[in-house]
Every structure is written in C-alpha cells, then in structure tokens.
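Structure incoming, see below.
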Amino acid sequence: MDKRKKHIKYFMMLVLLGVVIALSFSNYFVFVGTNAIINAIAVMGIVIISGYAKQLHLGQSAFLGIGAYVSAILMTKAGISFWLTIPVAMVIAGVFGWVLSIPTLKLKGGSYLALVTQTFGEIIYVLLLNLTFLTNGPFGITGIQAPRVGPINFVELQPYFFLCVAFMVLVYIMLKRIVKTRYGRFFIAIRESEDAARSIGINTRKYKMTAFVIATSVAGLAGVLYGPFIGYLSPEQFRWQPSLILVSMAIVGGLTSLEGGIIGSILLTFLPELLRSTDQMRMILYGVVVILTLAFLPDGMMSLVGKKPKEMKAILSRQWAVLSDKELRRKKKKARATAK
C-alpha cells in the first residue's frame, strides 16, 4: 500500500469520527451509533479470522453473547465492577474460541467450517436458554447497570457512546499492531495458500487458532459493552442470524481491512434506519443494496479508497463485464469467426 492510499484511509477514519461526533447531539443517532460501534468491534474480530486467516466464521454473535452474559452475571449476581468483568469476559470468550478451534480448524475451511461455527451458535443459544440458575433462561437478565468512573456516570447515552468509541479505537490500534507483526504476515500467508505456508515451515494450525482466539476475545469485549447499552439480555439476541449480519458488514466494508470492517458496520447499521420510511420495503431495499455492493465491489467499499473517478469507473465496468459474461461472449464470438 502506497503512502497516499494509507493517508487517505486515515483521513477517512478521521472524517468518519467527526461525523460520529456531530451526530452525537441527537439521542436517536447516538442510540443507533452506539449499536454500530459495538458491531464494529465484533466485525473487526471477523476481519482477523475470516479476512486475514481466511477461515469462514459464522458464530461471532455466540461469542458476543458469551461476553455479554459473563459480564452481566458477574455484575448482577456477584456485584463485580463492570471494568473488572471486561478481562474476565474476554478471557472466557477466548477460551471458548480456543476449545472450538481445536476440532474445527482441522477442517479444510469452506462450508464445513461455516457449518460448525453456525452450529456452535445454536449450542450457545440452547445453553443460555436452559442454564436458568445462571442466565434466567427465556426471562433473560435485567438490571444491568451502566459503568462509572468516579464522578463520571455512563448511564446517559452520550457518555456511553463515547466510551464505546474509545474502546473501538483501542481495539483498532491493538489489532492494527498485531497484523503488522509476524502474526499478521503468517495470517496473510495462510490466506494466500495454506499449503504453501505449511511447506515453508509455518505451523498453520497454531496461527489459525491464534486468529480464532483473537476474534472471539474481541467479540467478548463487544458483548460486555452490549449489556449496559441495552440493559436487558435474552438468548434470542445471540442466535446465528446476527452472525450473518456481522459477516455481511465485514464483506461490504472490505473483509481484508480493519477500516473496512468499521465502515461496513456503520453503513449496514444505519442503512435500515435510513430506509425506515419505506415501511415494509425497508428490508427488501436493504438486501438489494447489499447484493449490489457485493456484486460490483467484491473487495468491499475499501477497494475504492484512494482511487480516482476514472479508476472507480474502470473497476465497476470490469465487474459488470464479469457479471454479464461480456468477455466470455466476445471470446465465443471470436472462436466461431475463427472456425469459419
């Protein structure tokens, strides 16, 4: 990546942060924005495991649920401070991720891995539903208190919103540092060719497990933030459908980019709200927008960053040619003409 593109990415992030601060003066946008920020934290974990290490993970919401429930149980039943529940929830979510990765990452990626992680999400749902002595089962957990630091109380939306933004920035910086180390290079080597990475001595299973633990720990942190934000937890909030939404956010923004994960999360969290005036057409239009983005920008919105208008047009034209089989028809026409 050249310096110009790198600076443009950071400029976009600053502009995005400025827009977020401007929107923070509206309670409605603060509520949606807080949800978007929490989603962004979980999606950055997906970028690590699915974008960098190329392991299709469809169970991220289950780990988000683990983090949320661990934090809520410790706060409501044991009286432990919100701040102390953060490392505990992240470690427990990471341990669950490590245990799941032991058999799962023996699979050759693809649909098998996706099926296992999706099934794990349903297992967590059943556990949350039936461990009533801990989770209150279908009745859920209520009375989750917002954190405070001395005189600062985060019970109001605006302060809690900025707290979530601070955590998102911290997670982004930490993950950015990780992907620039040898771990990031090994993740990319596995993504490009796992067989080739193994042939030069990289312990691919070890680094895939590492990526999985990082992703699930980050989801645990997102879950900790989700509890006080909503104030109520129930098992239905963490089934496999939210995982699909989180994955779509990563793909739309750019699966191989942490910045893309943030942008995709914000776009797809706000989009249903912006389309709310269309009533029943809202989710249809939402689906159309997502499908068109995936069709014309398979590398996500971040693939347009740093590009000039002519380059953007060329990318879209090239993708249209692929989708319409224009190039294939041209080759067939040329072959028939040659045969004659």
Side-chain angles (χ1 to χ4, degrees), residues 34-35 38-39 41-43 45-46 49-50 55-107 111-147 209 212-249:
T34 304
N35 193 27
I38 294 172
N39 287 338
I41 293 173
V43 168
I46 293 177
I49 182 63
S50 297
Q55 306 301 305
L56 186 55
H57 174 38
L58 298 182
Q60 190 74 332
S61 67
F63 296 98
L64 195 149
I66 291 171
Y69 265 89
V70 167
S71 177
I73 289 169
L74 291 176
M75 283 193 290
T76 58
K77 295 183 182 295
I80 296 176
S81 166
F82 167 86
W83 307 103
L84 294 178
T85 68
I86 292 175
V88 177
M90 290 183 69
V91 168
I92 291 178
V95 168
F96 269 90
W98 175 73
V99 171
L100 179 64
S101 70
I102 293 173
T104 300
L105 295 180
K106 289 182 179 180
L107 301 171
S111 57
Y112 299 105
L113 180 60
L115 181 62
V116 171
T117 53
Q118 179 179 326
T119 304
F120 177 77
E122 287 299 293
I123 292 172
I124 293 298
Y125 164 72
V126 173
L127 289 175
L128 294 177
L129 200 61
N130 289 279
L131 295 176
T132 54
F133 68 97
L134 275 178
T135 66
N136 292 333
F139 299 103
I141 298 178
T142 58
I144 304 172
Q145 298 296 318
M209 290 175 69
F212 211 91
V213 170
I214 292 172
T216 54
S217 298
V218 167
L221 172 60
V224 173
L225 297 172
Y226 183 78
F229 167 57
I230 297 297
Y232 168 75
L233 298 178
S234 68
E236 288 76 14
Q237 294 168 322
F238 307 106
R239 300 194 73 173
W240 64 272
Q241 293 94 333
S243 290
L244 298 181
I245 296 174
L246 293 175
V247 170
S248 67
M249 290 175 178

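Remember, it's a predicted structure, so these values are computed and weren't measured experimentally.
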- [ ] Looking only at non-hydrogen atoms, find the nearest pair between Gly227 and Leu233 and report the distance.
- [x] CA-CD2, 4.0 Å
TODO: Decide side chain to side chain contact (heavy atoms under 4.5 Å, CB included) for Ile144 and Ile141; before the verdict, give the C-alpha distance in whole Å, the side-chain angles of both, and the deciding distance to 0.1 Å.
DONE: CA-CA 7 Å; Ile144 304 172; Ile141 298 178; 4.2 Å; yes
Task: Closest approach of Gly137 to Pro235 (non-hydrogen atoms, all atoms of both residues) - done: O-CD, 3.5 Å
- [ ] May I have the step-by-step check of side chain to side chain contact (heavy atoms under 4.5 Å, CB included) for Thr135 and Leu129, ending in yes or no?
- [x] CA-CA 7 Å; Thr135 66; Leu129 200 61; over 6 Å; no
Open item on the list: Is there a side-chain contact between Leu128 and Ile124 in this structure, where contact means two heavy atoms from C-beta onward sitting under 4.5 Å apart?
Closed with: yes
- [ ] Report the distance from atom OH of Tyr125 to atom CZ of Phe120, rounding to the nearest 0.5 Å.
- [x] 16.0 Å
- [ ] Starting at CD1 of Ile73, measure out to CG of Leu134 and round the result to the nearest 0.5 Å.
- [x] 4.5 Å
Task: Distance, nearest 0.5 Å, that separates CD of Gln118 from CG of Leu56 - done: 9.5 Å
Task: Atom pair OG1/CH2 of Thr119 and Trp240 - distance to nearest 0.5 Å - done: 10.5 Å
- [ ] Kindly compute the distance separating CG (Leu131) from OH (Tyr69), expressed to the nearest 0.5 Å.
- [x] 10.5 Å
Task: Interatomic distance, Asn39 atom CG to Ile245 atom CD1 [nearest 0.5 angstrom] - done: 8.5 Å
Task: Within residues 224-241 or reaching into it, pairs that qualify as salt bridge (charged side-chain N to carboxylate O under 4.0 Å, His left out) - sequence neighbours excluded - done: Glu122-Arg239
- [ ] Give the minimum heavy-atom separation between Ser217 and Gly94, together with the two atoms involved.
- [x] OG-CA, 3.4 Å
Task: Sidechain-backbone polar pair: Thr142 side chain, Tyr232 backbone, donor-acceptor under 3.5 Å - done: no
What donor-acceptor contacts under 3.5 angstrom involve side-chain atoms of residues 76-92, with partners at least two apart or in another chain?
| residue | atom | partner | partner atom | Å |
| --- | --- | --- | --- | --- |
| Thr76 | OG1 | Ala72 | O | 2.7 |
| Ser81 | OG | Trp83 | N | 3.3 |
| Trp83 | NE1 | Arg148 | O | 3.1 |
| Thr85 | OG1 | Ser71 | OG | 2.9 |
| Thr85 | OG1 | Phe82 | O | 2.6 |

Open item on the list: Tell me the closest heavy-atom pair linking Ile41 and Ala222, and the distance in Å.
Closed with: CG2-CB, 4.0 Å
Open item on the list: Testing the basics here: between Gln60 and Ala215, what is the closest heavy-atom pair and its distance to 0.1 Å?
Closed with: NE2-O, 3.2 Å
Task: Student check: side-chain heavy atoms of Thr216 and Ile49 closer than 4.5 Å - done: no
- [ ] Compare all side-chain heavy atoms of Phe229 with those of Ile38 and state whether any distance is below 4.5 angstrom.
- [x] yes
TODO: Take the angle between the ring planes of Phe63 and Phe212 and call it parallel below 30°, perpendicular above 60°, tilted in between.
DONE: perpendicular
Open item on the list: Restricting to non-hydrogen atoms, name the atom on Ala146 and the atom on Pro228 that form the minimum distance, rounded to 0.1 Å.
Closed with: CA-CB, 4.0 Å
Open item on the list: Could you work out, with side-chain contact (heavy atoms from CB on, under 4.5 Å) as the rule, every residue matching Ser50, not counting sequence neighbours?
Closed with: Ile46, His57, Leu255
